[in-house]
2 protein chains.
Amino acid sequence: MATDTSNSIDSNHSSSAYERLEQDILTGHLKPGERLRLKELIETYNTGNSPMREALSRLSARGLVVREENRGFSVPHASKESLKELLKTRCWLEEIGLRESITAGGSEWEEGIVLAFHWLHQATNSDESSSGRKSPKWSKYHLGFHVALISACESSILIDFCTQLQGRSFRYSNLAKISKHAGRNELEEHREIKDATLNRDADLAVSKLHKHYTTTLEILLASDRFD
Amino acid sequence: MATDTSNSIDSNHSSSAYERLEQDILTGHLKPGERLRLKELIETYNTGNSPMREALSRLSARGLVVREENRGFSVPHASKESLKELLKTRCWLEEIGLRESITAGGSEWEEGIVLAFHWLHQATNSDESSSGRKSPKWSKYHLGFHVALISACESSILIDFCTQLQGRSFRYSNLAKISKHAGRNELEEHREIKDATLNRDADLAVSKLHKHYTTTLEILLASDRFD
DNA sequence: GATTAACAATATATCGAAAATTTTGGAGCA
DNA sequence: TGCTCCAAAATTTTCGATATATTGTTAATC
């Protein structure tokens with residue numbers, strides 16, 4: 001008769017703690033450098049010692065939590081330098097994924113992109129009509145779109161790496177607390193990437209993708225919220 | 001007065017179990033698909049429930065162990081398909097790392113390569129004079145050499161990813177159980193990569209590096225030990 | 001004979017407390 | 001004031017036991 005306060009699909013405590021803690025770090029609810037004391041986490045996430053430590057261990061292995069031997073865990077620091085490194089690496093990896101997909105992708109891949117863009121489009125509209133903020137739904141579809149682009153690269157490893165990096169980028173976006181930037185039409189940027197990709201114009205698609213991330217980087221750096 | 005049977009540097013059980021289990025998987029001592037029963041692992045690695053589960057959790061987050069909810073852990077399967085994917089991805093990522101390093105690397109980076117090659121050379125000689133097998137020492141220097149090549153790419157993320165992939169490749173080498181292949185002069189391959197790199201001839205260096213991995217792939221596939 | 005229900009056996013996941021380690025704070029001293 | 005040393009407090013890490021889930025076996029039913 002365990003009182004499951006979460007609505008998580010996962011059966012066990014460890015996975016649900018993993019997902020909830022991951023969210024709180026990515027959304028910026030937990031601040032960079034903040035110590036993650038076991039006792040507090042246990043209270044927050046309504047679970048026990050072991051599952052919580054397991055969740056922390058898993059997250060630390062993926063770079064979303066910092067582990068210090070016998071000194072516990074903490075949220076990774078955020079700095080301009082590591083943001084630059086992050087987006088640079090993302091450009092490199094997603095360029096490969098995109099080029100490979102454009103070469104190898106079939107109709108299934110194309111359909112995936114069309115649909116992913118459709119949902120991103122919908123989410124963008126509904127966000128604009130309500131708040132000016134980016135909704136969790138939008139984030140989900142944004143992630144989905146970028147994954148769809150590279151999904152035909154025939155390397156699940158690369159896709160996994162790119163997904164990890166998207167998560168970390170997402171954290172920086174949230175930490176910067178800028179949702180809608182004056183003069184930026186993100187949907188249009190995505191559309192251009194989509195169109196170039198579906199036209200199988202690899203060079204153009206990559207160039208649009210790089211520009212997309214360069215713009216993101218500049219806006220985030222300008223927010224001046226990191227060391 | 002804990003009886004520390006290992007000579008590990010790490011202080012706590014979790015990390016020592018992590019490293020030892022990682023080794024046993026990478027060296028192929030634990031076979032693909034093999035179930036990792038907690039009770040047995042605890043006996044093998046002389047530790048308790050919690051540290052062992054933590055080690056497993058960490059390894060699963062890095063793809064070196066497969067986790068199935070409420071069904072425990074196991075060693076990842078090995079197949080020709082995933083080997084191909086692995087080496088393909090390695091080529092992609094290390095090409096980036098190498099090109100970036102050739103562009104950005106300074107004298108420190110060059111020295112690192114010279115030294116890494118020197119030690120690999122030494123280890124190769126001492127291996128040949130004794131057994132025909134590859135020693136743990138050789139593996140260590142081999143890893144070191146390939147990391148040295150990309151170490152000036154200015155992305156610790158990329159280096160980490162490449163290191164992970166090297167680990168997985170190493171496992172396949174060990175599973176294939178081929179140490180010295182007739183007609184292959186691995187040291188010479190490494191020397192060519194090194195020379196092209198130090199001459200800052202990116203295209204040649206990359207081409208030699210790709211050939212190096214293509215050769216490895218062919219030999220491993222020919223061993224016919226995977227599904 | 002095949003299918004399934006109930007039960008026993010096995011293994012995983014979690015809990016609560018003990019043990020070990022690090023951090024904190026203050027007393028004593030130069 | 002600044003420093004070292006020591007004990008108390010806080011925190012992390014580990015252990016042993018319990019709860020929960022899965023797997024395998026047997027018996028009952030059609």
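Just so we're on the same page: letters track the sequence lines, and every chain starts at 1. Everything quoted here is computed from the prediction, not taken from an experiment.
- Annotation: cation-pi pair A/R20/A/Y45 absent, no NZ/CZ under 6.0 Å from the ring centroid and within 45° of its normal.
- Salt-bridge formation is detected for the pair B/E186/B/K134: a Lys NZ or Arg NE/NH1/NH2 atom is positioned less than 4.0 Å from an Asp or Glu carboxylate oxygen.
- Here B/E95 pairs with B/R99 in a salt bridge; the nearest charged N to carboxylate O distance falls below 4.0 Å.
- Whole-Å rounding puts the B/F73 CZ to C/dA11 C1' distance at 12 Å.
- Across the protein-nucleic acid pair, B/R67 atom CZ and C/dA11 atom P stand 18 Å apart, rounded to whole Å.
- Note on A/E85 versus A/K88: no salt bridge recorded, every NZ/NE/NH1/NH2 to OD/OE distance being 4.0 Å or above.
- As rounded to whole Å, 12 Å separates atom P of D/dT13 from atom CG of A/L41.
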- Residue pair B/R53, A/S50: steps toward the side chain to side chain donor-acceptor pair (under 3.5 Å) verdict: CA-CA 9 Å; B/R53 276 189 70 86; A/S50 320; over 6 Å; no
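- Residue A/R71 places none of its side-chain N or O atoms closer than 4.0 Å to OP1 or OP2 of C/dT21.
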- Message: Please evaluate residues A/R58 and A/E54 with respect to the criterion salt bridge (charged side-chain N to carboxylate O under 4.0 Å, His left out), reporting the C-alpha separation (whole Å), side-chain torsions for both, the decisive distance (0.1 Å), and the verdict.
- Response: CA-CA 6 Å; A/R58 291 206 256 164; A/E54 250 179 61; 5.1 Å; no
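- More than 12 non-hydrogen atoms from other residues, nucleotides or ligands lie less than 6.0 angstrom from NE2 of A/H118.
- End-to-end axis angle for the helix from C/dG1-D/dC30 to C/dA30-D/dT1, using five pairs per end and rounding to 10°, comes out at 20°.
- Between the C1' atom of D/dT23 and the CD atom of B/E69 lies a distance of 18 Å, rounded to the nearest Å.
- Of the residues in residues 29-38 of chain A, A/R35, A/L36, A/R37, A/L38 come within less than 4.0 Å of DNA chain D through at least one heavy atom, sorted by number.
- Around NE2 of B/H29, the count of heavy atoms belonging to other residues, nucleotides or ligands within 6.0 Å does not exceed 12.
- At whole-Å resolution of the value, CG in B/N70 and P in D/dA21 are 7 Å apart.
- Interface residues of residues 48-59 of chain B facing DNA chain C, ordered by number: B/N49, B/R53; criterion, heavy-atom separation under 4.0 Å.
- Contact annotation: A/H13 side-chain N/O to C/dC15 OP1/OP2 distance is under 4.0 Å.
- Within the 3.5 Å criterion, the main-chain N or O of B/L149 finds a donor-acceptor partner in the side chain of B/W109.
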Next item on the list: Starting from the C-alpha separation in whole Å, work towards a yes-or-no answer on side-chain contact (heavy atoms from CB on, under 4.5 Å) for B/N12 and A/E69.
Entry: CA-CA 8 Å; B/N12 63 26; A/E69 206 95 316; 3.5 Å; yes
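- Counting to the nearest Å, the C1' atom of D/dT14 and the CG atom of B/N46 are 14 Å from each other.
- One atom, NZ of A/K39, and another, C1' of D/dA9, lie 11 Å apart when rounded to the nearest Å.
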Carefully, step by step, assess A/T124 and A/Y141 under the rule side chain to side chain donor-acceptor pair (under 3.5 Å). CA-CA 9 Å; A/T124 305; A/Y141 291 127; over 6 Å; no
